[in-house]
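Structure first, then comments.
Computed over heavy atoms, backbone and side chain alike; hydrogens, waters and symmetry mates excluded. Read the numbers this way: they start at 1 and go in the same order the structure lists the ligands and their atoms.
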Amino acid sequence: MRTTEYLLATQKETPADAEVISHKLMLRAGIVRKLASGLYTWLPTGLRVLNKVAAIVRDEMNKAGAIEISMPVVQPADLWQESKRWEEYGPELLRIKDRHERDFVLGPTHEEVVTTLVKNEVSSYKQLPLNLYQIQTKFRDEVRPRFGIMRSREFIMKDAYSFHIDGESLEQTYQRMHQAYCNIFERIGLEYRPVIADSGSIGGAVSHEFHVLADSGEDDIAFSDSSDYAANVELAEAVCTDARPGASKEMTKVATPGATTIEQVAQMLSIDSTACVKTLIVEAAEDAPHPFVAIVLRGDHQLNDVKASKHPLIASPFSMAKEEDVKAHLGCHFGSIGPVNLALPILVDRSAATCADFVCGANEDGQHFTGVDWERDVSDFEVVDLRNVVPGDASPDGKGTLQIRKGIEVGHIFQLGDKYSQAMNCGVLSESGKHQVLQMGCYGIGVTRIVAAAIEQNHDKYGIKWPLAIAPFEVAIIPMNMHKSHRIMETALKLYADFIGSGVEVLFDDRKERPGVMFNDMELIGIPHSIVIGERNLDNQQVEYKNRLTGEKTLINIDEVIAFIT
Ligand code: ATP
Ligand code: MG
Ligand code: MG
Ligand code: MG
């Protein structure tokens, strides 16, 4: 690419209305331009970066067995009424009407659309598991769009949705996605942390967020200095011990409609009722059709007995000796996820070797129990309110002390369970020929937000320092006063052609500008490698190489330039 045939769109002045460094640099380096509040145009340099991020995301999703599709941005309102989110979602959901006065929404997320698709296209357990994803525009009418494309109203998300016959299969895909996300952020070259997250209005029990650590982050992340424990301090329903893949084994919600006795629940879940020590029927909220049920398994019955029943149950490392504690626990859990047509069995896996010293579910928003083990009474447990933690507090997993850093949420994965499949009646014929409602997971990545997060982590006073994997160009050719020197022009043209021939993405600054202007622009844009062509070095058949990331400068022989870069 030649700068004279390109839209560089760099700016000298620091824009007054930009608060954070990434926003300032995105405007100055010609990455984006604001059209209106929360709406941005991607300029050519920005789009090159964005496409690279998307390509890495796509590649890792494909490698992890996900299948790409594309769903409409505009979605009919009746799907949202079916899932009840028409009422629940609030003003972030932009509602529009067509010429026939029919209601539509601009999709902030696609659970409803994809669940409808799978309901219509998939009929047998043999077609499962299935993980569908898209990389596509979302719209959320954010109350406070800010920091440029970091929190915009229109943005690009990679959203994936997986469908399963049982919880075990969901758990497997969830771990695969967790790993795919780690691969993505590592490949892009970001410092990130997976953290335990609140599953919020989307429903479901198990959830992790991926945060890029940066001072401008809007979230506080508490993490242990001596273990993998990390959690978002906004956490309202902490239910697991740490954020390592495979480490979280939590309660899941399972439908046992109408059941009010241990025998009925056990029958519906295909559990031998003699395996249960006791069952506690807990009153649900008024508008819920079924009560919650908590089951405590006998010590000699292991989780495997239940797994063998092929029911999507996952163990909770929770021992609740007192009925009131269970009520308190479930009452709040219920309150925070909204009315659902579900019962909640709680199983205790006594077989697990580590069945002690757990961190367990909150019975108040933002709180969770620490040091839980089977033998101890719930009332003994220390309650931690993560919202009030300060650096140096003991880590809830009992290992080391907590540090707190700001994080930018760039990804979020959830085990949804059957929240959407139940509401929208998405099921298949199971192996035994019965209709079975599917288990679902969903997995989001903020593709546009990653670009801003990458700048927050990689910049200096001169501008952006793109990680190599997402740099808009690999090399800049900066010829000094080329328009006055035939041999400089000739060398530049030759190198330019050679780079193109070698498949290197090169930006050739062929403007009639002073060298200082060119240097500043190329530094601002953050191209990793620069080749500076000047008279003096040409006398020795050399050019100057500059590395934007390390600051390294060295002279290279002209005929070795391509080999040096590639
Ligand atoms: P946030 O807490 O920042 O509002 P969220 O939890 O509402 O994000 P999710 O529903 O989990 O977002 O969506 C998946 C991903 O989409 C997020 O992890 C984030 O990277 C990205 N994202 C969400 N909202 C925006 C936005 N307004 N602008 C840019 N990216 C966003
Ligand atoms: Mg949000
Ligand atoms: Mg969030
Ligand atoms: Mg989120």
Side-chain angles (χ1 to χ4, degrees), residues 20 22-23 26 31-32 34 36-40 42 46 50 53-54 57 61 85 88-94 105-112 114 133-161 177-178 180-181 184-185 188 190 192-204 206-214 216-221 231-237 336 366 387 406-416 419-420 441-456:
V20 293
S22 59
H23 190 196
M26 287 182 101
I31 306 293
V32 294
K34 181 172 170 178
S37 171
L39 303 176
Y40 288 83
W42 285 79
L50 189 60
V53 172
V57 171
M61 291 304 288
R85 285 208 289 187
E88 285 168 14
Y89 211 90
E92 249 182 50
L93 184 64
L94 186 67
V105 306
L106 285 191
T109 171
H110 279 69
E111 282 82 5
E112 283 80 358
V114 77
Y133 79 97
Q134 61 178 351
I135 296 177
Q136 191 237 30
T137 298
K138 299 278 182 271
F139 193 94
R140 294 183 182 180
D141 204 352
E142 296 278 351
V143 58
R144 205 175 155 218
R146 59 187 196 143
F147 303 162
I149 53 98
M150 193 107 87
R151 181 171 300 285
S152 50
R153 296 198 295 169
E154 192 177 299
F155 59 96
I156 295 174
M157 196 199 287
K158 184 285 298 170
D159 46 327
Y161 307 88
M177 284 294 103
H178 194 294
Y181 276 41
I184 288 166
F185 297 120
I188 294 173
L190 298 174
Y192 74 98
R193 289 294 290 243
V195 310
I196 306 165
D198 181 6
S199 50
S201 74
I202 203 151
V206 179
S207 166
H208 289 88
E209 288 169 356
F210 289 77
H211 281 260
V212 161
L213 302 177
S216 60
E218 294 183 284
D219 290 358
D220 288 306
I221 306 304
N232 191 322
V233 305
E234 75 180 12
L235 204 64
E237 300 175 62
S336 60
R387 289 167 308 179
K406 292 283 182 193
I408 301 169
E409 182 191 324
V410 287
H412 199 163
I413 58 178
F414 302 85
Q415 290 188 17
L416 292 171
K419 178 177 157 86
Y420 296 93
C442 76
Y443 319 91
I445 285 190
V447 176
T448 40
R449 185 179 282 182
I450 283 176
V451 177
I455 298 175
E456 288 292 329

Selected option - heavy-atom contact closest to atom 29 (C) of ligand 1, from E142, M150, R144, H412: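 It is M150 whose heavy atom sits nearest to atom 29 (C) of ligand 1.
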Hey, is ligand 1 close enough to [X] that some N/O pair sits below 3.5 Å?
{"X": "R151", "result": "yes"}
{"X": "R140", "result": "yes"}
{"X": "D219", "result": "no"}

Ligand 1 contact on K138 by region, counting heavy-atom pairs under 4.0 Å: neither
Part of M157 with heavy atoms under 4.0 Å of ligand 1, whether side chain, backbone, both or neither: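 The answer is the side chain of M157.
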For I149, the ligand 1 atoms whose distance to one of its heavy atoms is below 4.0 Å: 29 (C)
Subset of ligand 1 atoms that lie under 4.0 Å from at least one heavy atom of S152: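 What qualifies from ligand 1 is 26 (C), 27 (N), 28 (N).
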The Mg ion (ligand 3) neighbourhood, protein N/O/S only, threshold under 2.8 Å: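 Counting only protein N, O or S atoms under 2.8 Å from the Mg ion (ligand 3), the list reads E409 OE1.
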Residues in ring pair (Phe, Tyr, Trp, His ring centres under 6.0 Å) contact with Y181, at least two apart in sequence or another chain: F210
Heavy-atom gap V410 to ligand 1 smaller than 4.0 Å: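 Yes.
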Under 3.5 Å side-chain donor-acceptor pair for Q136 and D159: no
Any side-chain donor near an acceptor of the partner, R153 and Y40, under 3.5 Å: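 Side chains of R153 and Y40: no pair found under 3.5 Å.
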Aromatic ring proximity, centroids under 6.0 angstrom, H178 and H208: yes
S152 OG to K34 NZ distance, which is reported to the nearest 0.5 Å: 11.5 Å
Distance (rounded to the nearest 0.5 Å) between Y133 OH and Y443 OH: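 Taking OH in Y133 and OH in Y443, the distance rounds to 15.0 Å.
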Sequence-distant partners of E142, salt bridge (charged side-chain N to carboxylate O under 4.0 Å, His left out), two or more places apart: R151
Salt bridge (charged side-chain N to carboxylate O under 4.0 Å, His left out) partners of D219, counting only residues at least two apart: none
Lys/Arg-Asp/Glu bridge criterion (N-O < 4.0 Å) met for R144, E92: no
Minimum heavy-atom distance between M157 and G444, given as atom pair plus value: SD-CA, 4.2 Å
